[in-house]
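For reference, the structure is listed below as structure tokens.
Throughout, a chain's letter reflects where its sequence line sits, starting with A, and its residues are numbered from 1.
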There are 2 protein chains.
Amino acid sequence: MRADLEGFLSLDRVVHEPARLVILTVLAQAEEVEFRFLERVSGLTKGNLSSHISRLEEAGYLAVKKFFRGKLPATSLKITRSGRSALKGYREQLNRALQRRG
Amino acid sequence: MRADLEGFLSLDRVVHEPARLVILTVLAQAEEVEFRFLERVSGLTKGNLSSHISRLEEAGYLAVKKFFRGKLPATSLKITRSGRSALKGYREQLNRALQRRG
DNA sequence: TGCGATAGTTTGTTATACAGACTAGTCTGA
DNA sequence: TCAGACTAGTCTGTATAACAAACTATCGCA
């Protein structure tokens with residue numbers, strides 16, 4: 001199969017999902033961020049956001065830290081080295097596939 | 001919401017699916033193509049390919065023409081103007097969102 | 001003590017990607 | 001001539017997934 005086509009089909013589906021692209025993009029810039037912040041900036045619903053975070057955590061792309069601010073629980077997210085590299089790889093691969101004519 | 005994040009979430013999901021990116025990319029280059037050819041070049045299974053074609057047809061992104069070559073049925077696919085512009089728009093939008101830092 | 005807010009998770013529904021089974025007919029060779 | 005293999009797809013079932021609504025648990029305030 002042609003390399004550009006191959007490129008599309010071998011994209012990392014964990015990263016490929018738009019909602020997760022949003023999360024990873026924010027985290028790649030902000031380094032550390034909280035759930036509420038992400039909820040607001042992404043416009044995703046809590047439930048949806050929560051499950052995407054789990055998915056990214058399972059993939060090892062982000063680290064979740066739970067703590068209490070005063071007496072309220074809070075969740076802090078941080079992109080991992082692996083997550084950063086997955087995003088970078090995804091971007092490069094997609095760019096190559098898209099640019100190679102269209 | 002920030003414009004780049006918005007950009008991810010408003011991507012055309014019909015185009016966003018890797019298998020369909022493959023199909024559209026091939027069609028954008030080849031102008032007119034047959035099912036069997038697409039099956040080989042994409043590596044997709046018949047069933048899968050068939051359903052993606054239906055999806056793209058419903059979206060108005062490609063035109064399907066059925067005919068007989070000798071006595072065997074054949075299917076010919078052609079990208080529509082709208083399909084071409086959807087692919088172009090998708091590429092531009094994604095590039096903008098991805099490039100705007102990472 | 002009861003109501004609304006905060007901070008998420010769990011659950012249920014809906015959609016969709018995918019492959020295998022199936023349809024329909026043609027060609028080939030014993 | 002008829003059995004088996006091939007062509008060209010479509011249909012169907014399954015497993016995954018995105019998504020939102022409902023729920024859990026706690027806090028703060030009147």
Side-chain angles (χ1 to χ4, degrees), chain A residues 1 5-6 8-27 32-59 61-78 90, chain B residues 1 5-6 8-27 32-59 61-78 90:
Chain A
M1 201 198 319
L5 303 182
E6 188 79 61
F8 285 125
L9 295 176
S10 62
L11 284 169
D12 184 343
R13 304 288 282 228
V14 173
V15 179
H16 191 58
E17 168 60 30
R20 290 192 290 263
L21 275 170
V22 166
I23 296 172
L24 288 177
T25 299
V26 170
L27 286 180
E32 189 143 14
V33 134
E34 290 184 26
F35 189 98
R36 320 175 313 159
F37 175 77
L38 217 44
E39 186 188 351
R40 262 158 234 166
V41 79
S42 70
L44 299 170
T45 60
K46 293 166 187 302
N48 201 4
L49 179 56
S50 173
S51 57
H52 285 303
I53 287 175
S54 296
R55 201 111 170 53
L56 288 167
E57 189 185 12
E58 279 160 34
Y61 292 168
L62 57 80
V64 177
K65 213 174 5 177
K66 290 182 174 298
F67 64 100
F68 284 84
R69 193 200 341 277
K71 302 184 171 175
L72 286 178
T75 299
S76 144
L77 292 325
K78 202 161 139 55
Y90 171 83
Chain B
M1 204 197 318
L5 304 182
E6 188 78 62
F8 285 125
L9 294 176
S10 63
L11 283 169
D12 184 342
R13 303 289 280 230
V14 173
V15 179
H16 191 59
E17 168 60 30
R20 290 192 290 265
L21 275 170
V22 166
I23 296 171
L24 288 176
T25 299
V26 171
L27 286 180
E32 188 143 14
V33 134
E34 291 184 25
F35 188 98
R36 320 176 313 159
F37 174 78
L38 217 44
E39 186 187 351
R40 263 159 234 167
V41 80
S42 70
L44 298 170
T45 60
K46 295 167 187 303
N48 200 5
L49 179 56
S50 174
S51 58
H52 285 303
I53 287 174
S54 296
R55 200 109 169 54
L56 288 167
E57 189 184 11
E58 280 161 33
Y61 292 168
L62 58 79
V64 177
K65 211 172 9 176
K66 288 181 176 298
F67 65 99
F68 284 84
R69 195 201 340 278
K71 302 184 171 174
L72 287 177
T75 300
S76 144
L77 293 325
K78 202 162 139 55
Y90 171 84

| task | List the steps and the verdict of side chain to side chain contact (heavy atoms under 4.5 Å, CB included) for B:L24 and B:Y90. | result | CA-CA 11 Å; B:L24 288 176; B:Y90 171 84; over 6 Å; no

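For A:A63, the side-chain contact (heavy atoms from CB on, under 4.5 Å) test picks out A:T80, with sequence neighbours left out. Contacts of B:F35 classified as ring-ring contact (aromatic ring centres under 6.0 Å, His included), with partners at least two apart in sequence or in another chain: none.
Bounding nucleotides for the chain B contact on DNA chain C, 5' to 3', at a heavy-atom distance below 4.0 Å, are C:dT16 to C:dT26.
Between atom CZ of residue B:R20 and atom OG of residue B:S51 there is a gap of 8.5 Å, rounded to the nearest 0.5 Å. Within the model, atoms OG1 of B:T75 and CZ of B:R69 stand 10.0 Å from one another, a figure rounded to the nearest 0.5 Å. Rounding to the nearest 0.5 Å places CG of A:N48 at 10.5 Å from CD of A:E39.
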| request: Assign a letter to each nucleotide of nucleotides 20-27 of chain D from its 5' end: B, base within under 4.0 Å of a protein heavy atom; S, sugar-phosphate only; -, no contact. | output: BB-----S

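The backbone N or O of B:K46 sits nowhere less than 3.5 Å from a side-chain atom of B:S50 that would complete a donor-acceptor pair. Side-chain N or O atoms of A:H16 include one that pairs as donor or acceptor with a backbone N or O of B:H16 at under 3.5 Å.
When the options A:L56, A:I23, A:V26, A:V64 are evaluated for a side-chain contact (heavy atoms from CB on, under 4.5 Å) with A:L77, the one that passes is A:V64.
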Could you list, one pair per line, each protein nitrogen or oxygen that sits under 3.5 Å from a nitrogen or oxygen of nucleotides 14-17 of chain D, together with the distance?
unit_1	atom_1	unit_2	atom_2	d
D:dA17	OP1	A:R55	NH2	2.8

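Applying the salt bridge (charged side-chain N to carboxylate O under 4.0 Å, His left out) definition to pairs two or more places apart or across chains, those involving residues 10-19 of chain B are A:R13-B:E17, A:E17-B:R13.
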